[in-house]
Amino acid sequence: MFKAPRGTVDILPGEQAYWRYIEEKAETVCRLYGYQRVDTPAFEDAGLFTRSVGEGTDIVNKEMYIFKDRSDNELALRPEGTASVCRAYLEHGMDNLPQPVKLYYFADIFRYERPQAGRYRQHHQFGCEAIGEASPMLDAEVIQMALEFFKSLGMTQFTLQLNSIGCKQCRPDYLQKLKEYYAPLAPGLCDDCRARIVKNPLRLLDCKKPGCQAAAEAAPKSSEYLCEDCRDHFDALKTYMEALKIEYSINHRLVRGLDYYTKTVFEVQPLEGGSQSALGGGGRYDDLIGELGGKPTPAIGFATGLERIVLNLKDQGIEVPEQKKPAVFMACMGNSAKIVALKTASDLREAGISVIVAAGDRSLKAQLRQANSVGATYAVIIGDDEIKEGMVTLRNMVTSDQQVVDPEELKRILGTQE
Ligand code: AMP
């Protein structure tokens, strides 16, 4: 028997109420903040991600699903959403539209990770990108939007962490300081961190290995090495956050796992669950569009994992609206009744009433049991007697009351119930 590949899950009908709920809240918040939906392909030229996410990152080095198609094109299943949206922004001339262009997406994301609770090889993200504006006002607004989204789901148990990791001007100096600080500590670090000192020093700060934590805690802080422009940006953002009464804590070790970030980075963390379990995160990426061949274009974005949100909603006991149950279950006995049942069901559906028709030759009792188990409000029963009279029996599944009605009356009664 086949099983779903390791690290992937089926989202079964019983789970869908959570997914629809999250998607609806996401759509609402996007409308309130003026974002428009974009959908991009599940795979892209692999180079798009190596160039944007960065050669030295875990995502590119260890986690990307990369393959050649039958024409020898090197492709990758998208390991994140931002690069694809930026590619689409450039490809479709959105740089000619009034800026910033505000886009949101739902996308399945593929990363060859070690599967565990809340960490999968295919997961789903809701993300938004505001492209073409450098003002920290936009940073404040994107962060606010992310928090409003979580709040609209009924979630309260989370915190916001904020940092600034500088820009092309100031980061090289900071990275040099980090390297100098870490060089003598190298023997005590994990293998990955020893490699990071040379390849990707920023990522030293968010190593999760216990042996590397103390070194990261005491490391030089990026916010203390910002150039004037980055410092002003960060200060202005903090002022806006205070004006909007958004609580945050500064986390000097917050650097994010992708190379394209500049200035502002942030993460939303659940109160319980540890650092592996960020609900969402984002930041500025002022150089990315330029690196993808566009003119220099500042931008900021945010993304969150839907699986983690579902886990969190369940942990917090947050109830989501049930999905609509079918209004009618159509029970029938005998061959002629089957035809009448199919026709009656078509008429009802045309009138916008949802119907499940019993198929097969089960007893009336078994059919009514099924009506109960699918949660139908009514059963319509058609047998020889009903056919002779040109009527149907309508049974209220909650009260068990039954009445014999003609098809027009049936439509009228059910139509007012939907
Ligand atoms: P990232 O693109 O790494 O910033 O991830 C954005 C969000 O996606 C995270 O905060 C998580 O909520 C979610 N996420 C990232 N990786 C995974 C994964 N492997 N499985 C499930 N959710 C994930």
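Keep in mind that the numbers below use all heavy atoms, side chains included, and drop hydrogens, waters and symmetry copies. Counting starts at 1 for both ligands and their atoms, in listed order.
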Exercise: identify the closest heavy-atom pair between I59 and P79
CG2-CB, 3.5 Å
Restricting to ring-ring contact (aromatic ring centres under 6.0 Å, His included), what partner residues turn up for F266, sequence neighbours left out?
F302
Expected output: side-chain R37 to main-chain Y104 donor-acceptor under 3.5 Å
no
Out of the candidates R203, K199, K62, only one should pair with D192 under the salt bridge (Lys or Arg N to Asp or Glu O under 4.0 Å) rule; please name it.
K62
Carefully, step by step, assess K168 and D286 under the rule salt bridge (Lys or Arg N to Asp or Glu O under 4.0 Å).
CA-CA 10 Å; K168 266 202 250 171; D286 288 346; over 6 Å; no
Near ligand 1, at a heavy-atom separation below 4.0 Å: residues by chain and residue number
R111, E113, G118, R119, Y120, H123, Q125, R256, A278, L279, G280, A303, G305, R308
Parallel, tilted or perpendicular: which fits the ring planes of F150 and F158, with parallel below 30° and perpendicular above 60°?
tilted
